[in-house]
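Whatever order the structure lists them in is the order used to number ligands and atoms, beginning at 1.
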Amino acid sequence: MSVSLDLTRAAPAATAHAPKLANLTGLTRAGLAQALVAADVVRPEKAKMRATQLWRWMHHYGVTDFANMTDVAKETRGALAQHFTLARPEIVERQVSKDGTRKWLIRMAPGIEVETVYIPDVGRSGALCVSSQVGCTLNCTFCHTGTQALVRNLTAAEIVAQVQVARDDLAEWPSPKEDRRLSNIVFMGMGEPLYNLDNVADAIDIISDGEGIAISRRRITVSTSGVVPELKPLGERTQAMLAISLHATNDALRDELVPLNKKYDIAALMAGIRAYPGIANTRRVTFEYVMLKDVNDSPAEARALVQLLKGIPAKINLIPFNPWPGSIYECSSWSTIEAFAAILNRAGYASPIRTPRGRDILAACGQLKSESEKMRASERRRLEQGAPAYVVVDTAEDDTE
Ligand code: SAH
Ligand code: SF4
């Protein structure tokens, strides 16, 4: 399948050069109340009420200007604008695919740029793939992000901003109750979310709040390469759905593909998953398995995978490998992937192959790069880093109850 793209060089955000004011849109409810009091804009006894009022405007109506908060006194709006901002980060590039996939390169701060991708027809109606870090400290050998040093963790505000930017672009304010285009969130962009759990958890609190963006925790999936000690805290703190990047069924191979396995091996990982809070037949764990030609794609490995997952409420997503320049792997052939999937199907795992949309979009990255030759080198590098960002787990099951 080939996808052609409408490339739009986004106009710089009007607020990009505004003076540095604290941004309220990425604060938790408690943080918001505190900020209002600390700036002396609101008296402590009114803080909770005022925070709730602002929350609705920011997260239900999506306003980015205090002037639009019509039930807030003019004087208070003025005081708010003196201390704070509601501005979105700058969108450096925006791409819209003919198949409806949208991609934004967002500049959070100088040198801090992340990609966020909206993919329609995943989950209930459409999933947003968000990044949790710029770069990654782990070095999975098939992952392009793994070749980049960690630049830094994203803040909760920067994670939430990715959702807000997508909502702006999809024109989904006020937060719709029915017929949403953005129904699911997956933490499958750049970075290892469990090495940034505090910010990921705060972001999930904000995104799932019923008086705001209101995306249910059951429709938020966090993907990890297997940071075992953080699994329980993730479940307890966020009640998010869990996805595990497994990719191999024995330690020798997983040590090679996902070097974190040397620290937390498959047995430890499986024990951690079994103990994940809230795991049930109606809340299954997703296992991601990247299909690498002649590396992990034999029928024997498919059978080993079935054995390994015995007793765990699981679904499996086979991900066709997304090649990148310099990678040492190739994607398994389609017939090999189908043969692998057939073994899983016979064991009761339905339709586990991810459609290779990811590859189309990576090709699109190349197009974008050639369209934008004048872009500075760091921006060009960023555009090549997207491999994991476009591989999105099908979370459709979350919506059946
Ligand atoms: N760090 C987390 C989440 C981001 S990666 C994790 O590893 O789970 C999201 C998914 O994309 C993971 O399953 C990852 O293994 C997979 N992935 C990374 N690079 C890929 C590539 N080149 N082709 C296909 N899948 C890839
Ligand atoms: Fe990091 Fe995930 Fe890539 Fe591994 S697959 S290097 S954990 S982003």
Under 4.0 Å from any heavy atom of [X], which atoms of ligand 2 are there?
X	value
Ser225	7 (S)
Cys136	1 (Fe), 6 (S), 7 (S), 8 (S)
Leu138	6 (S), 7 (S)

Would you say [X]'s side chain and [Y]'s backbone share a donor-acceptor pair under 3.5 angstrom?
X	Y	answer
Ser131	Met190	yes
Asn199	Leu154	yes
Trp55	Leu32	no

Would you say [X] touches ligand 1, if touching means a heavy atom closer than 4.0 Å?
X	result
Gly189	yes
His247	yes
Gly191	yes

Check ligand 1 against [X] and write out every atom of the ligand that is under 4.0 Å from a heavy-atom position of the residue.
X	result
Cys143	18 (C), 19 (N)
Ile319	24 (C), 25 (N)
Ser225	6 (C), 7 (O), 8 (O)
Val290	24 (C), 25 (N)
Thr224	6 (C), 8 (O)
Trp324	22 (N)
Asn322	21 (C), 22 (N), 23 (N), 24 (C)

Less than 4.0 Å between a side-chain N and a carboxylate O, is that true for Glu158 and Arg107? no
Output yes when Asp205 and Arg237 qualify as a salt bridge under the 4.0 Å nitrogen-oxygen rule, no when they do not. yes
Check Cys143 against ligand 2 and report side chain, backbone, both or neither, counting heavy atoms closer than 4.0 Å.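 Near ligand 2, Cys143 shows its side chain, while the N, CA, C and O stay back.
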From Asp169 CG over to Gln164 CD, what is the distance, rounded to the nearest 0.5 angstrom?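 So the gap between those two atoms works out to 13.5 Å.
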First locate atom CZ of Arg217, then atom CD1 of Ile204, and finally report the distance between them rounded to the nearest 0.5 Å.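 Answer rounded to 0.5 Å: 7.0 Å.
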Among Lys103, Glu115, Arg102, exactly one meets side-chain hydrogen bond (donor to acceptor under 3.5 Å, both in side chains) together with Gln95. Which residue is that? Lys103
Yes or no on side chain to side chain donor-acceptor pair (under 3.5 Å) for Glu338 and Ser335, after CA distance, side-chain angles and deciding distance? CA-CA 5 Å; Glu338 278 183 338; Ser335 60; over 6 Å; no
Out of Met188, Glu288, Glu192, Met291, who is nearest to atom 10 (C) of ligand 1 when you count heavy atoms only? Glu288
Are side-chain heavy atoms of Leu138 and Tyr195 found at a separation under 4.5 Å?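 When only atoms from C-beta onward are counted, Tyr195 and Leu138 do touch, with a gap below 4.5 Å.
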Counting both backbone and side chain atoms, is some N or O of Ser223 under 3.5 Å from an N or O of ligand 1? yes
Is there a polar contact, in the sense of an N or O pair closer than 3.5 Å, between Phe142 and ligand 1? yes
Check: Tyr289 ring centroid to Phe340 ring centroid under 6.0 Å: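 Under 6.0 Å, so yes.
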